[in-house]
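Reading through the structure tokens given below for one structure.
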Amino acid sequence: MAPSGFDPATQEKGTLSRDYVDDRQASSEDCLYTTSNGVPTAHPYESQRAGENGPLLLQDFHLIDLLSHFDRERIPERVVHAKGGGAHGYYQTTDPMDDVCMADMFKAGKKVPITVRFSTVGGESGSHDCARDPRGFSVKFRTDEGNWDMVANNTPVFFLRDAAKFPHFIHTQKRDPSTHLTHADDSTMFWDYLSQNPESVHQVMVLMGDRGIPDGWRHMHGYAGHTMKLVNKDGEWVYAQMHMKSKQGFSFITQEDSANYSPDYAQKDLYNAIEKGDYPGWDVCWQIMTAKEAEKLYEEQKINVFDLTHIWPQKQFPLRKVGEFYLNENVKNYFAEIEQIAFSPSHLIPGIEPSADPVLQSRLFSYPDTHRHRVGANYQQLPINAARTPYRMANFQRDGPMAFINQGSRPNYLSSIEPISFRKRQVDVDKTHAHFVVDAVSFLSEVRPEDFNAARNLWEKVFDDGAKERFINNVSGHMSTCRKEEIIKRQIGIFREVSDDLASRLEKATGIKGYDGISNLRFNGEHNGMAKDKSLKEANGMDPREPTRRPFNNGGPTMGQHQEVAAMG
């Protein structure tokens, strides 16, 4: 029954609910102080009590409302990427790539609104912006076909390629369970993990080099890291990796100088730049590779397109620019627009599909799962996460906490009485993903000589003398709080596979003689394909009698694997 005085005929549509945009723009002077149920209250500091010196009254809803909401006004911080900030802006296509991708946003001149969130990986929500840590670089593209999230980092590789390692790795980057110290004061866990997982060496080189502390968020690049598939209107697909190149150029902060910066330096730098009209921008580029080229790349150079620790040589696969984006609007409310924003690599649009990269595959599940826990089952309904499509969205997801858009009286099943509309399928998933005909295996990767090639090039061809000196100082300084000498000896042995010069310098800096390499080591985290003794080849705890104990191709694409797809290349 309608409330007294309510006339549906004269009631303006939309006024029965609060408007997010109106609320976001309103000033304090435009508003009236009320309780959560909208009742005006004379003063926010008042409370009811029994007489001038008696106890408080339970009937005082204003006070109970105030305190109980205050007790609950935090949501769990992100397990990773807890410290961050961001802004709004727009993306525009400058160089269409319809030939390789059907996505509407990559058509000539297409412009879409975006929100970008930058972050450190391991730190807590109050940690320092200038910590030596990888940076997250996530972009939510609000396209006419739904939201596409590019969940990237500021480094082209990561520490691992086996999906199940991720929770364990992150644990080692957090506080020690006993001392409750971070690796700034006790680096034992940090180096213990790395010294048992040599696949991480390239990312360690990047982290401990000049790129480990970028000069704020405006002066760093973004990298997908993972291989994706781009599908065109004819159903043909290619492998691709996305890069976001800062128009401001790259610059860094040294370890010694980082202590002179504000804990919120990157946040302040971005906010102030936008406020004064100095809008930061990035070029959006892709590396493209056919299925046949991917097979050949692994066969001839042992570069695995499904391996998050490997990079694609840009001389062979040059960057192709498709567009650019700028950040030109600061957020009005940090909690609503940054803390509650939720990115996931599984938020894809037609024309962009995942590859068989195992870490990417695990993230497709993990990211939405953590958002449902942290923000709620209806996190996609929050204004900051909601899609802005030209069509009315509908599905059969109903109810749950904070179901603002619960789809009215429409049937919550596939009804023949009131049928929902469908769009014709745009991507043939059988053609795009059906080239795998395999048995299930228990898989753990193996460290091999090719895992050190990119790191060696970084040391020998990219780092100049000053960069090498800073790298040694950064590593040795960080290792000074490692309580186990054996860990340092192992890590120096891993670095020796990169460069004997690097290892020798580190030995001098730490005063510890490292191992001659990894040929006589056994690892917890992976098989050792470089071991001289067969007994050291299997990872600790693995049964050498198991037929799948060591992968022959480390999960890389093998010749002929893509069947007829490769013929298109």
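Quantities reported herein were computed from a predicted structural model and do not represent experimental measurements.
- Checked by atom type, the side-chain pair Q380/Q397 shows no donor-acceptor distance below 3.5 Å.
- Summarising the local packing, NZ of K268 is surrounded by 12 or fewer heavy atoms from other residues, nucleotides or ligands at distances under 6.0 Å.
- Taking a 6.0 Å sphere around OH of Y391, one finds it holds more than 12 heavy atoms contributed by other residues, nucleotides or ligands.
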Under 3.5 Å, which donor-acceptor pairs do the side chains of residues 112-119 form with other protein atoms, sequence neighbours left out?
unit_1 : atom_1 : unit_2 : atom_2 : d
T115   : OG1    : H88    : ND1    : 2.8
T115   : OG1    : R142   : NH1    : 2.8
T115   : OG1    : R142   : NH2    : 3.1
R117   : NH1    : H81    : O      : 2.9
R117   : NH2    : H81    : O      : 3.0
R117   : NH2    : A82    : O      : 3.3
S119   : OG     : H81    : ND1    : 2.8

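- With contacts defined as side-chain heavy-atom distances shorter than 4.5 Å, the pair V231/Q426 does not qualify.
- In terms of heavy-atom proximity, G84 sits nearest to W217 at C-CH2, 3.9 Å.
- Side-chain polar atoms of H226 and D357 form a donor-acceptor pair below 3.5 angstrom.
- Judged purely by distance below 3.5 Å, without hydrogens or angles, the side chains of N453 and R456 pair a donor atom with an acceptor atom.
- Once rounded to the nearest 0.5 Å, the distance linking CD of E124 with OG of S127 reads 6.5 Å.
- Crowding of D465 atom CG: a count of heavy atoms from other residues, nucleotides or ligands under 6.0 Å not exceeding 12.
- Aromatic ring centroids of F306 and Y239 lie under 6.0 Å apart.
- W459 and D501 are linked by a side-chain donor-acceptor pair at a separation below 3.5 angstrom, with hydrogens and angles left out of the test.
- For the residue pair D307 / T309, a side-chain donor-acceptor distance below 3.5 Å is found, with atom types taken as modelled.
- With salt bridges taken as basic N to acidic carboxylate O contacts below 4.0 Å, none links K302 and D451.
- For residues 88-108, the salt bridge (Lys or Arg N to Asp or Glu O under 4.0 Å) pairs, not counting sequence neighbours, are D99-R320, D104-K107, D104-K110.
- With ring centers used as reference points, F169 lies under 6.0 Å from F159.
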Query raised in the report: Are H527 and V447 close enough, and set up right, to give a side-chain contact (heavy atoms from CB on, under 4.5 Å), and what steps lead you there?
Result: CA-CA 6 Å; H527 302 302; V447 62; over 6 Å; no
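- Expressed to the nearest 0.5 Å, how far OG of S138 lies from CG of N153 amounts to 8.0 Å.
- The OG1 atom of T120 sits 7.0 Å away from atom CG of D129, with the distance rounded to the nearest 0.5 Å.
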**Report entry** Stepwise side-chain hydrogen bond (donor to acceptor under 3.5 Å, both in side chains) test for T227 and Q241
**Finding:** CA-CA 5 Å; T227 295; Q241 283 203 7; 3.3 Å; yes
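- Residues E236 and N232 bring a donor and an acceptor atom of their side chains to less than 3.5 Å of each other.
- Taking the six-membered ring for Trp and the full ring otherwise, Y379 and H371 have centroids separated by under 6.0 Å.
- Taking a 6.0 Å sphere around NZ of K296, one finds it holds 12 or fewer heavy atoms contributed by other residues, nucleotides or ligands.
- Residues F190 and H478 bring their aromatic ring centres within 6.0 Å.
- In terms of heavy atoms, C285 sits closest to K245 at SG-CG, 4.4 Å.
- Put simply, CD on E295 and CD on Q561 are 6.0 Å apart, with the number rounded to the nearest 0.5 Å.
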Requested in this report: Quick one: do H562 and K292 satisfy side-chain contact (heavy atoms from CB on, under 4.5 Å)? Show the steps, please.
Outcome: CA-CA 8 Å; H562 294 88; K292 185 175 181 179; over 6 Å; no
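- In this model, no donor atom of one side chain and acceptor atom of the other lie less than 3.5 Å apart for R211 and H221.
- A salt bridge links K165 to E199: at least one charged side-chain nitrogen sits closer than 4.0 Å to a carboxylate oxygen.
- Atom CH2 of W237 sits about 9.0 Å away from atom NE2 of H433, to the nearest 0.5 Å.
- Between the side chains of S445 and D162, at least one donor N or O sits under 3.5 Å from an acceptor N or O.
- Within a 6.0 Å sphere centred on NZ of K247, other residues, nucleotides and ligands contribute more than 12 heavy atoms.
- Between N154 and Y223, the shortest heavy-atom distance links the atoms O-CE1, 3.4 Å.
- In this structure, the separation between CD1 on I384 and CZ on F335 is 12.0 Å, given to the nearest 0.5 Å.
- Side chains of D215 and Y265: a donor-acceptor N/O pair is present below 3.5 angstrom, by distance only.
- Relative to the six-membered ring of Y90, K111 meets both conditions, a distance below 6.0 Å and an angle of at most 45° to the axis.
- In this structure, the ring of Y326 has its center no less than 6.0 angstrom from the ring center of W282.
- Taking the charged nitrogens against the carboxylate oxygens, E77 and R374 have no contact shorter than 4.0 Å, which rules out a salt bridge.
- Looking at Q340 and N385, their side chains never bring a donor and an acceptor atom within 3.5 Å of each other.
- Between the side chains of T389 and E145, not a single donor N or O lies within less than 3.5 Å of an accepting N or O.
- No donor-acceptor contact under 3.5 angstrom links the side chains of T432 and E353, judged on distance only.
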